[in-house]
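Side chains are part of it too, since the values below use all heavy atoms of this structure and drop only hydrogens, waters and symmetry mates. Values in this document were obtained by computation on a predicted structure and should not be read as measured data.
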Amino acid sequence: METTQSKAGPSGTSETPFPKIISVDDHTVEPPDVWRDRLPARYQDTGPRIVRAPLKEMTFLGGKFAPVMGAPGDDGPVGDWWVYEDLHRPLTRLDTAVGYSRDEIRLEVITYEQMRPGSYDVPRRLADMDVNHVQSALCFPTFPRFCGQTFTEAKDRELGLLAVKAYNDWMVEEWCGPQAAGRLIPLTLIPLWDAELAAEEVRRNAARGVRAVAFSEIPPHLGLPSVHTDAWDPFLAACDETGTVVAMHIGSSSRMPSTSADAPPAVGSTITFANCCFSMVDWLMSGKFERFPNLKVMYAEGQIGWIPYILERADVVWEENRGWGGVADKVHRPPSELFADHVYGCFFDDAFGLRNLDAIGVGNVLYETDYPHSDSTWPKSREVGEAQMAHLAPDVVERIVRRNAIDLLGLTEDGLWTP
(Lines give C-alpha, C1' and ligand atoms only; values in the text may rest on other atoms or scores of the structure.)
Protein backbone atom coordinates (compact mmCIF):
# COMPACT_ATOMS: atom_id res chain seq x y z
CA MET A 1 0.00 0.00 0.00
CA GLU A 2 1.32 3.41 -0.93
CA THR A 3 2.19 5.72 1.89
CA THR A 4 2.15 9.46 2.18
CA GLN A 5 5.19 9.44 4.41
CA SER A 6 8.41 9.95 2.48
CA LYS A 7 11.48 8.01 3.55
CA ALA A 8 13.69 9.66 1.00
CA GLY A 9 13.05 13.24 1.98
CA PRO A 10 10.48 15.71 0.63
CA SER A 11 9.79 15.89 -3.09
CA GLY A 12 11.68 18.55 -4.98
CA THR A 13 14.99 18.09 -3.17
CA SER A 14 18.15 17.15 -5.03
CA GLU A 15 17.58 13.61 -3.78
CA THR A 16 14.09 13.40 -5.29
CA PRO A 17 13.69 16.01 -8.04
CA PHE A 18 10.16 17.13 -8.83
CA PRO A 19 8.86 15.19 -11.87
CA LYS A 20 8.23 16.92 -15.18
CA ILE A 21 4.57 17.93 -15.19
CA ILE A 22 1.89 16.54 -17.47
CA SER A 23 -0.86 19.16 -17.27
CA VAL A 24 -4.34 17.80 -17.97
CA ASP A 25 -5.96 21.23 -18.13
CA ASP A 26 -4.44 24.00 -20.17
CA HIS A 27 -6.12 26.05 -22.88
CA THR A 28 -5.55 27.07 -26.45
CA VAL A 29 -6.68 30.39 -27.90
CA GLU A 30 -7.54 29.44 -31.46
CA PRO A 31 -5.66 31.31 -34.20
CA PRO A 32 -7.85 33.39 -36.55
CA ASP A 33 -7.57 30.93 -39.45
CA VAL A 34 -8.83 27.72 -37.77
CA TRP A 35 -12.24 27.81 -39.47
CA ARG A 36 -11.49 30.26 -42.28
CA ASP A 37 -9.04 27.78 -43.81
CA ARG A 38 -11.16 24.65 -43.27
CA LEU A 39 -14.79 25.50 -43.99
CA PRO A 40 -16.31 25.47 -47.50
CA ALA A 41 -16.31 28.82 -49.28
CA ARG A 42 -20.09 29.19 -48.89
CA TYR A 43 -19.61 29.52 -45.14
CA GLN A 44 -16.95 32.21 -45.14
CA ASP A 45 -19.48 34.91 -44.18
CA THR A 46 -21.27 32.89 -41.49
CA GLY A 47 -18.60 30.58 -40.08
CA PRO A 48 -16.35 31.64 -37.18
CA ARG A 49 -14.07 34.52 -38.16
CA ILE A 50 -12.17 37.32 -36.44
CA VAL A 51 -13.31 40.94 -36.66
CA ARG A 52 -11.53 43.86 -34.99
CA ALA A 53 -14.09 46.17 -33.41
CA PRO A 54 -14.68 48.42 -30.37
CA LEU A 55 -16.40 47.30 -27.19
CA LYS A 56 -19.73 48.96 -26.49
CA GLU A 57 -20.34 47.43 -23.07
CA MET A 58 -19.50 44.29 -21.10
CA THR A 59 -20.72 42.88 -17.79
CA PHE A 60 -19.98 39.69 -15.84
CA LEU A 61 -22.47 39.34 -12.97
CA GLY A 62 -24.28 36.39 -11.48
CA GLY A 63 -22.10 34.04 -13.52
CA LYS A 64 -23.33 35.54 -16.82
CA PHE A 65 -20.86 37.07 -19.30
CA ALA A 66 -22.56 39.70 -21.51
CA PRO A 67 -20.37 41.59 -24.04
CA VAL A 68 -21.77 43.94 -26.70
CA MET A 69 -19.73 44.72 -29.84
CA GLY A 70 -19.73 48.27 -31.10
CA ALA A 71 -19.80 49.40 -34.74
CA PRO A 72 -16.72 50.60 -36.64
CA GLY A 73 -15.86 54.12 -35.57
CA ASP A 74 -17.64 53.88 -32.21
CA ASP A 75 -15.88 54.95 -29.05
CA GLY A 76 -14.52 52.25 -26.78
CA PRO A 77 -11.51 49.96 -26.43
CA VAL A 78 -10.76 47.92 -29.53
CA GLY A 79 -10.47 44.15 -29.42
CA ASP A 80 -10.56 41.07 -31.63
CA TRP A 81 -13.99 39.46 -31.77
CA TRP A 82 -15.09 36.04 -32.93
CA VAL A 83 -18.17 36.49 -35.11
CA TYR A 84 -20.29 33.42 -35.91
CA GLU A 85 -23.86 33.70 -37.19
CA ASP A 86 -25.38 36.17 -34.69
CA LEU A 87 -22.72 35.58 -32.01
CA HIS A 88 -20.13 38.25 -31.14
CA ARG A 89 -17.57 37.04 -28.61
CA PRO A 90 -14.46 39.10 -27.80
CA LEU A 91 -11.05 37.87 -26.77
CA THR A 92 -10.54 39.02 -23.18
CA ARG A 93 -7.70 39.36 -20.74
CA LEU A 94 -9.23 36.51 -18.71
CA ASP A 95 -8.71 34.21 -21.72
CA THR A 96 -4.99 34.81 -21.59
CA ALA A 97 -3.71 36.44 -18.43
CA VAL A 98 -0.29 34.84 -17.92
CA GLY A 99 2.61 37.25 -17.91
CA TYR A 100 0.54 39.98 -16.28
CA SER A 101 0.47 41.00 -12.64
CA ARG A 102 -2.67 39.86 -10.81
CA ASP A 103 -3.45 43.48 -10.09
CA GLU A 104 -3.34 44.26 -13.83
CA ILE A 105 -5.83 41.58 -14.83
CA ARG A 106 -9.20 43.12 -15.65
CA LEU A 107 -12.28 42.07 -17.58
CA GLU A 108 -11.31 43.82 -20.80
CA VAL A 109 -11.22 43.13 -24.52
CA ILE A 110 -7.83 42.52 -26.16
CA THR A 111 -6.29 41.78 -29.55
CA TYR A 112 -3.98 38.93 -30.49
CA GLU A 113 -1.07 41.35 -30.26
CA GLN A 114 -1.94 42.02 -26.61
CA MET A 115 -1.75 38.40 -25.46
CA ARG A 116 1.18 36.15 -24.74
CA PRO A 117 2.01 34.40 -28.04
CA GLY A 118 2.16 31.02 -26.32
CA SER A 119 -1.62 31.27 -26.05
CA TYR A 120 -2.04 30.48 -29.76
CA ASP A 121 1.39 29.68 -31.22
CA VAL A 122 2.78 26.14 -30.82
CA PRO A 123 6.55 26.90 -30.64
CA ARG A 124 5.89 29.72 -28.17
CA ARG A 125 3.64 27.43 -26.14
CA LEU A 126 6.37 24.80 -25.90
CA ALA A 127 8.82 27.47 -24.75
CA ASP A 128 6.41 28.60 -22.02
CA MET A 129 5.95 24.97 -20.98
CA ASP A 130 9.72 24.66 -20.63
CA VAL A 131 9.79 27.71 -18.36
CA ASN A 132 7.11 26.06 -16.20
CA HIS A 133 8.67 22.57 -15.87
CA VAL A 134 5.84 21.14 -18.02
CA GLN A 135 6.53 18.31 -20.40
CA SER A 136 3.09 17.72 -21.95
CA ALA A 137 -0.32 19.39 -21.86
CA LEU A 138 -3.95 18.68 -22.75
CA CYS A 139 -5.69 21.85 -23.94
CA PHE A 140 -9.36 22.84 -23.77
CA PRO A 141 -10.81 25.27 -26.36
CA THR A 142 -11.63 28.95 -25.99
CA PHE A 143 -14.01 30.19 -28.70
CA PRO A 144 -15.97 26.89 -28.96
CA ARG A 145 -16.22 27.07 -25.15
CA PHE A 146 -15.25 24.17 -22.96
CA CYS A 147 -17.24 21.42 -24.67
CA GLY A 148 -18.13 23.01 -28.01
CA GLN A 149 -21.48 24.39 -26.85
CA THR A 150 -20.95 27.40 -29.14
CA PHE A 151 -21.72 25.14 -32.11
CA THR A 152 -24.62 23.46 -30.34
CA GLU A 153 -26.31 26.83 -29.83
CA ALA A 154 -25.95 27.85 -33.49
CA LYS A 155 -28.87 27.68 -35.93
CA ASP A 156 -27.20 25.91 -38.85
CA ARG A 157 -26.57 22.29 -37.81
CA GLU A 158 -24.74 21.45 -41.03
CA LEU A 159 -22.33 24.32 -40.44
CA GLY A 160 -22.07 23.38 -36.77
CA LEU A 161 -20.98 19.83 -37.60
CA LEU A 162 -18.45 21.09 -40.13
CA ALA A 163 -17.13 23.56 -37.53
CA VAL A 164 -16.72 20.79 -34.93
CA LYS A 165 -14.83 18.61 -37.41
CA ALA A 166 -12.71 21.55 -38.56
CA TYR A 167 -11.70 22.26 -34.96
CA ASN A 168 -10.83 18.62 -34.39
CA ASP A 169 -8.75 18.47 -37.56
CA TRP A 170 -6.87 21.59 -36.51
CA MET A 171 -6.38 20.21 -32.99
CA VAL A 172 -4.95 16.88 -34.20
CA GLU A 173 -3.07 17.96 -37.31
CA GLU A 174 -1.72 21.37 -36.30
CA TRP A 175 -1.93 22.14 -32.59
CA CYS A 176 -0.79 18.59 -31.76
CA GLY A 177 0.98 18.09 -35.08
CA PRO A 178 4.66 17.37 -35.82
CA GLN A 179 5.96 20.71 -34.49
CA ALA A 180 4.51 19.87 -31.06
CA ALA A 181 6.78 16.79 -30.90
CA GLY A 182 4.21 14.83 -28.90
CA ARG A 183 4.10 17.39 -26.08
CA LEU A 184 0.57 18.62 -26.83
CA ILE A 185 -2.18 16.07 -26.23
CA PRO A 186 -5.33 16.31 -28.39
CA LEU A 187 -8.74 16.95 -26.86
CA THR A 188 -11.57 16.91 -29.40
CA LEU A 189 -15.20 18.05 -29.53
CA ILE A 190 -18.46 16.36 -30.48
CA PRO A 191 -21.75 17.59 -31.98
CA LEU A 192 -23.63 17.62 -28.69
CA TRP A 193 -27.02 17.79 -30.39
CA ASP A 194 -26.79 14.26 -31.84
CA ALA A 195 -25.39 11.33 -29.84
CA GLU A 196 -25.04 9.13 -32.93
CA LEU A 197 -23.01 11.78 -34.74
CA ALA A 198 -21.04 12.27 -31.53
CA ALA A 199 -20.19 8.57 -31.49
CA GLU A 200 -19.02 8.75 -35.09
CA GLU A 201 -16.75 11.67 -34.26
CA VAL A 202 -15.31 9.88 -31.23
CA ARG A 203 -14.45 6.88 -33.39
CA ARG A 204 -13.06 9.05 -36.21
CA ASN A 205 -10.66 10.74 -33.82
CA ALA A 206 -9.83 7.61 -31.85
CA ALA A 207 -8.65 6.07 -35.13
CA ARG A 208 -5.96 8.75 -35.25
CA GLY A 209 -4.87 8.35 -31.65
CA VAL A 210 -7.13 10.75 -29.76
CA ARG A 211 -7.99 9.54 -26.25
CA ALA A 212 -9.94 12.47 -24.77
CA VAL A 213 -13.17 14.22 -25.70
CA ALA A 214 -14.79 17.27 -24.10
CA PHE A 215 -18.28 16.96 -22.64
CA SER A 216 -20.63 19.05 -20.52
CA GLU A 217 -20.58 18.65 -16.75
CA ILE A 218 -24.37 19.22 -16.58
CA PRO A 219 -25.94 18.76 -20.04
CA PRO A 220 -29.49 19.85 -19.01
CA HIS A 221 -28.14 23.36 -18.46
CA LEU A 222 -27.53 23.37 -22.24
CA GLY A 223 -31.04 22.11 -22.97
CA LEU A 224 -29.71 18.58 -23.50
CA PRO A 225 -30.66 15.24 -21.90
CA SER A 226 -29.15 14.27 -18.56
CA VAL A 227 -26.85 11.30 -18.01
CA HIS A 228 -29.75 9.56 -16.25
CA THR A 229 -31.43 8.98 -19.63
CA ASP A 230 -30.27 6.60 -22.34
CA ALA A 231 -29.91 9.47 -24.84
CA TRP A 232 -26.12 9.54 -24.52
CA ASP A 233 -25.58 5.79 -24.74
CA PRO A 234 -24.30 5.76 -28.35
CA PHE A 235 -21.68 8.36 -27.41
CA LEU A 236 -20.75 6.62 -24.16
CA ALA A 237 -20.51 3.27 -25.94
CA ALA A 238 -18.04 4.78 -28.39
CA CYS A 239 -15.94 6.17 -25.53
CA ASP A 240 -16.11 2.83 -23.72
CA GLU A 241 -15.01 0.90 -26.82
CA THR A 242 -12.17 3.22 -27.82
CA GLY A 243 -10.80 4.09 -24.39
CA THR A 244 -11.70 7.75 -24.90
CA VAL A 245 -11.80 9.75 -21.64
CA VAL A 246 -14.79 12.05 -21.10
CA ALA A 247 -13.22 15.35 -20.00
CA MET A 248 -15.47 17.90 -18.28
CA HIS A 249 -14.26 21.40 -17.47
CA ILE A 250 -15.88 23.73 -14.96
CA GLY A 251 -18.28 25.97 -16.87
CA SER A 252 -18.89 23.40 -19.62
CA SER A 253 -22.59 23.69 -18.81
CA SER A 254 -22.46 27.41 -19.73
CA ARG A 255 -23.59 28.21 -16.21
CA MET A 256 -21.03 29.02 -13.57
CA PRO A 257 -22.16 28.62 -9.95
CA SER A 258 -23.43 31.79 -8.35
CA THR A 259 -25.72 32.84 -5.55
CA SER A 260 -27.58 35.80 -7.00
CA ALA A 261 -27.91 37.81 -10.17
CA ASP A 262 -25.83 40.63 -8.70
CA ALA A 263 -23.09 38.47 -7.14
CA PRO A 264 -19.62 39.68 -8.18
CA PRO A 265 -17.39 37.27 -10.14
CA ALA A 266 -15.38 36.56 -6.97
CA VAL A 267 -18.35 34.61 -5.57
CA GLY A 268 -18.54 32.31 -8.57
CA SER A 269 -14.77 31.96 -8.73
CA THR A 270 -14.72 30.70 -5.15
CA ILE A 271 -17.38 28.03 -5.72
CA THR A 272 -16.56 26.89 -9.26
CA PHE A 273 -15.96 23.37 -7.95
CA ALA A 274 -19.71 23.07 -7.26
CA ASN A 275 -20.54 22.18 -10.86
CA CYS A 276 -18.07 19.28 -10.71
CA CYS A 277 -19.52 18.21 -7.38
CA PHE A 278 -23.08 18.11 -8.72
CA SER A 279 -21.95 16.43 -11.93
CA MET A 280 -19.99 13.71 -10.16
CA VAL A 281 -22.99 12.73 -8.06
CA ASP A 282 -25.07 12.55 -11.25
CA TRP A 283 -22.60 10.12 -12.80
CA LEU A 284 -22.18 8.01 -9.66
CA MET A 285 -25.95 7.59 -9.35
CA SER A 286 -26.63 7.13 -13.07
CA GLY A 287 -25.65 3.50 -13.51
CA LYS A 288 -23.50 4.41 -16.52
CA PHE A 289 -20.27 3.11 -15.01
CA GLU A 290 -21.79 -0.34 -14.67
CA ARG A 291 -23.27 -0.28 -18.16
CA PHE A 292 -19.97 0.94 -19.65
CA PRO A 293 -17.26 -0.67 -17.52
CA ASN A 294 -14.31 0.89 -19.39
CA LEU A 295 -15.67 4.43 -19.16
CA LYS A 296 -13.45 7.07 -17.51
CA VAL A 297 -14.37 10.68 -16.69
CA MET A 298 -12.22 13.56 -15.46
CA TYR A 299 -13.05 16.95 -13.97
CA ALA A 300 -10.75 19.72 -15.14
CA GLU A 301 -10.15 22.66 -12.81
CA GLY A 302 -12.57 21.25 -10.25
CA GLN A 303 -9.92 20.84 -7.53
CA ILE A 304 -10.12 17.83 -5.18
CA GLY A 305 -10.60 18.93 -1.56
CA TRP A 306 -14.38 18.48 -1.69
CA ILE A 307 -14.30 14.88 -2.91
CA PRO A 308 -13.95 12.93 0.40
CA TYR A 309 -17.15 14.23 1.95
CA ILE A 310 -19.19 13.74 -1.23
CA LEU A 311 -18.04 10.13 -1.47
CA GLU A 312 -18.87 9.57 2.20
CA ARG A 313 -22.34 11.06 1.81
CA ALA A 314 -23.03 9.23 -1.47
CA ASP A 315 -22.15 5.91 0.14
CA VAL A 316 -24.49 6.59 3.07
CA VAL A 317 -27.35 7.53 0.73
CA TRP A 318 -26.74 4.45 -1.44
CA GLU A 319 -26.55 2.15 1.58
CA GLU A 320 -29.54 3.47 3.51
CA ASN A 321 -31.82 5.11 0.96
CA ARG A 322 -31.37 3.33 -2.34
CA GLY A 323 -34.70 1.53 -1.97
CA TRP A 324 -36.64 4.75 -2.39
CA GLY A 325 -33.84 6.81 -3.95
CA GLY A 326 -34.34 5.54 -7.49
CA VAL A 327 -30.96 3.82 -7.85
CA ALA A 328 -31.37 0.31 -6.42
CA ASP A 329 -31.95 -1.22 -9.85
CA LYS A 330 -28.95 0.39 -11.57
CA VAL A 331 -26.23 1.18 -9.01
CA HIS A 332 -25.09 -2.11 -7.50
CA ARG A 333 -21.82 -1.00 -5.90
CA PRO A 334 -21.00 1.75 -3.39
CA PRO A 335 -20.43 5.07 -5.18
CA SER A 336 -16.95 5.34 -3.65
CA GLU A 337 -15.98 2.10 -5.42
CA LEU A 338 -17.31 3.42 -8.72
CA PHE A 339 -15.34 6.62 -8.18
CA ALA A 340 -12.13 4.67 -7.61
CA ASP A 341 -12.54 2.82 -10.91
CA HIS A 342 -13.91 5.56 -13.15
CA VAL A 343 -13.41 9.16 -11.94
CA TYR A 344 -10.41 11.53 -11.86
CA GLY A 345 -10.20 14.86 -10.06
CA CYS A 346 -7.85 17.53 -11.43
CA PHE A 347 -6.24 20.33 -9.43
CA PHE A 348 -3.64 23.06 -9.73
CA ASP A 349 -3.69 24.52 -6.21
CA ASP A 350 -5.31 22.46 -3.47
CA ALA A 351 -3.20 21.93 -0.37
CA PHE A 352 -6.24 20.76 1.62
CA GLY A 353 -7.05 18.05 -0.91
CA LEU A 354 -3.47 16.82 -0.88
CA ARG A 355 -3.54 16.56 2.92
CA ASN A 356 -6.55 14.26 2.53
CA LEU A 357 -5.25 12.27 -0.40
CA ASP A 358 -5.83 8.92 1.29
CA ALA A 359 -9.56 9.62 1.33
CA ILE A 360 -9.55 10.42 -2.38
CA GLY A 361 -7.15 7.87 -3.82
CA VAL A 362 -3.67 8.38 -5.20
CA GLY A 363 -4.71 6.87 -8.52
CA ASN A 364 -7.62 9.29 -9.01
CA VAL A 365 -5.78 12.61 -8.97
CA LEU A 366 -4.23 14.56 -11.85
CA TYR A 367 -2.18 17.78 -11.92
CA GLU A 368 -2.74 20.84 -14.11
CA THR A 369 -1.43 24.37 -14.66
CA ASP A 370 -4.42 26.14 -16.32
CA TYR A 371 -2.18 28.10 -18.72
CA PRO A 372 -2.95 30.82 -19.88
CA HIS A 373 -5.92 31.66 -17.63
CA SER A 374 -5.96 34.08 -14.71
CA ASP A 375 -6.00 31.20 -12.21
CA SER A 376 -2.90 29.62 -13.74
CA THR A 377 0.08 28.83 -11.56
CA TRP A 378 2.41 29.56 -14.52
CA PRO A 379 5.38 30.08 -14.34
CA LYS A 380 5.55 28.63 -10.81
CA SER A 381 3.61 25.37 -11.14
CA ARG A 382 6.64 23.41 -10.05
CA GLU A 383 7.17 25.55 -6.96
CA VAL A 384 3.47 25.29 -6.04
CA GLY A 385 3.60 21.52 -6.46
CA GLU A 386 6.80 21.19 -4.43
CA ALA A 387 5.32 23.19 -1.57
CA GLN A 388 1.98 21.39 -1.49
CA MET A 389 3.35 17.87 -2.05
CA ALA A 390 6.38 18.07 0.24
CA HIS A 391 4.79 15.63 2.69
CA LEU A 392 4.17 12.96 0.03
CA ALA A 393 6.42 10.07 -0.89
CA PRO A 394 8.29 10.50 -4.20
CA ASP A 395 6.37 7.64 -5.85
CA VAL A 396 3.08 9.30 -4.90
CA VAL A 397 4.21 12.63 -6.32
CA GLU A 398 5.27 10.85 -9.51
CA ARG A 399 1.80 9.36 -9.89
CA ILE A 400 -0.02 12.63 -9.32
CA VAL A 401 2.22 14.80 -11.48
CA ARG A 402 2.56 12.47 -14.48
CA ARG A 403 2.02 8.70 -14.09
CA ASN A 404 -1.76 8.81 -13.71
CA ALA A 405 -2.03 11.01 -16.80
CA ILE A 406 0.21 8.67 -18.80
CA ASP A 407 -2.01 5.71 -17.95
CA LEU A 408 -5.31 7.52 -18.42
CA LEU A 409 -4.48 9.20 -21.74
CA GLY A 410 -2.46 6.38 -23.28
CA LEU A 411 0.78 8.35 -23.50
CA THR A 412 4.21 6.85 -24.03
CA GLU A 413 6.35 5.99 -21.04
CA ASP A 414 8.12 9.31 -21.68
CA GLY A 415 4.80 11.17 -21.31
CA LEU A 416 4.32 12.02 -24.98
CA TRP A 417 1.36 11.67 -27.31
CA THR A 418 1.71 9.63 -30.48
CA PRO A 419 -0.96 9.35 -33.18
* To do: Check the angle between the aromatic planes of His27 and His373 and answer parallel, tilted or perpendicular using the 30° and 60° thresholds.
  => parallel
* Asked: Which pair of non-hydrogen atoms, one from Pro40 and one from Gln44, has the smallest distance, and what is that distance?
  -> O-NE2, 3.6 Å
* To do: For Arg402 and Lys20, indicate whether the former's side chain and the latter's backbone hold a donor-acceptor pair under 3.5 Å.
  => yes
* Does the ring centre of Tyr112 sit less than 6.0 Å away from the ring centre of Tyr120? -> yes
* Taking Glu301 for its side chain and Asp26 for its backbone only, find out whether a donor-acceptor pair lies under 3.5 Å. => no
* Kindly determine whether Tyr344 and Asn404 satisfy side-chain hydrogen bond (donor to acceptor under 3.5 Å, both in side chains), including the steps that lead there. => CA-CA 9 Å; Tyr344 295 78; Asn404 289 340; over 6 Å; no
* Asked: Would you say Gln388's side chain and Leu354's backbone share a donor-acceptor pair under 3.5 angstrom?
  -> no
* Pairing of Arg204 and Glu201 as salt bridge, 4.0 angstrom limit -> yes
* **Main-chain N/O of Val134 paired with Asn132 side-chain donor or acceptor, under 3.5 Å** => no
* Tell me whether the centres of the aromatic rings in Tyr84 and Phe151 are closer together than 6.0 Å. => yes
* Val213 vs Val245 side-chain heavy atoms within contact, under 4.5 Å -> no
* To do: Can you establish whether the number of heavy atoms outside Lys330 located under 6.0 Å from its atom NZ is more than 12?
  => yes
* May I ask you to decide if Leu197's main-chain N or O and Asp194's side chain share a donor-acceptor pair within less than 3.5 Å? => yes
* List the steps and the verdict of side chain to side chain contact (heavy atoms under 4.5 Å, CB included) for Trp378 and Asp128. => CA-CA 9 Å; Trp378 186 94; Asp128 279 353; 3.8 Å; yes
* Asked: In this structure, are over 12 heavy atoms from other groups packed under 6.0 Å from Arg52 atom CZ?
  -> yes
* Any chance the side chains of Ser381 and Thr369 put a donor and an acceptor closer than 3.5 Å? -> no
* Asked: Can Asp80 and Thr111 be said to form a side-chain hydrogen bond (donor to acceptor under 3.5 Å, both in side chains), step by step?
  -> CA-CA 5 Å; Asp80 284 333; Thr111 66; 4.7 Å; no
* To do: Sequence neighbours left out, what passes salt bridge (Lys or Arg N to Asp or Glu O under 4.0 Å) with Glu196? Give chain and number order.
  => none
* Main-chain N/O of Ala300 paired to Asp25 side chain as donor or acceptor, under 3.5 Å -> no
* To do: Flag the pair Phe347 / Tyr367 as yes when their ring centroid distance falls below 6.0 Å, and as no otherwise.
  => yes
* Any donor-acceptor N/O pair, Asn356 side chain to Ala359 backbone, under 3.5 Å -> no
* Are Arg291 and Asp240 close enough, and set up right, to give a salt bridge (charged side-chain N to carboxylate O under 4.0 Å, His left out), and what steps lead you there? -> CA-CA 10 Å; Arg291 291 195 60 193; Asp240 180 80; over 6 Å; no
* Asked: Is a donor on one side and an acceptor on the other found under 3.5 Å between the side chain of His228 and the backbone of Gly287?
  -> no
* Asked: Would His332 and Glu290 count as a side-chain hydrogen bond (donor to acceptor under 3.5 Å, both in side chains) if you check the C-alpha gap in whole Å, the side-chain angles of each, and the deciding distance to 0.1 Å?
  -> CA-CA 8 Å; His332 304 104; Glu290 295 186 60; 3.0 Å; yes
* Asked: Between the main-chain N or O of Arg399 and the side-chain N or O of Arg403, is there a donor-acceptor pair closer than 3.5 Å?
  -> no
* Any side-chain donor-acceptor pair under 3.5 Å between Asp414 and Thr412? -> no
* Asked: With sequence neighbours left out, what residues match Trp82 under ring pair (Phe, Tyr, Trp, His ring centres under 6.0 Å)?
  -> Trp35, Phe143
* Asked: When you check the gap from the basic side-chain N to the acidic O, do Asp169 and Arg38 get nearer than 4.0 Å?
  -> no
* Ring centroid separation for Phe215 and Phe235, is it under 6.0 angstrom? -> yes
* Structure fact -> salt bridge (Lys or Arg N to Asp or Glu O under 4.0 Å) filter on Glu153, not counting sequence neighbours, yields Arg145
* Identify the residue among Phe140, Trp417, Trp170 that makes a ring pair (Phe, Tyr, Trp, His ring centres under 6.0 Å) with Trp175. => Trp170
* Non-hydrogen atoms of Ala195 and Ala231 that approach each other most closely -> CB-O, 3.2 Å
* Has Asp329 got more than 12 heavy atoms of other residues, nucleotides or ligands less than 6.0 Å from its CG? -> yes
* Heavy-atom donor-acceptor pair, Lys296 side chain to Asp341 backbone, under 3.5 Å -> yes
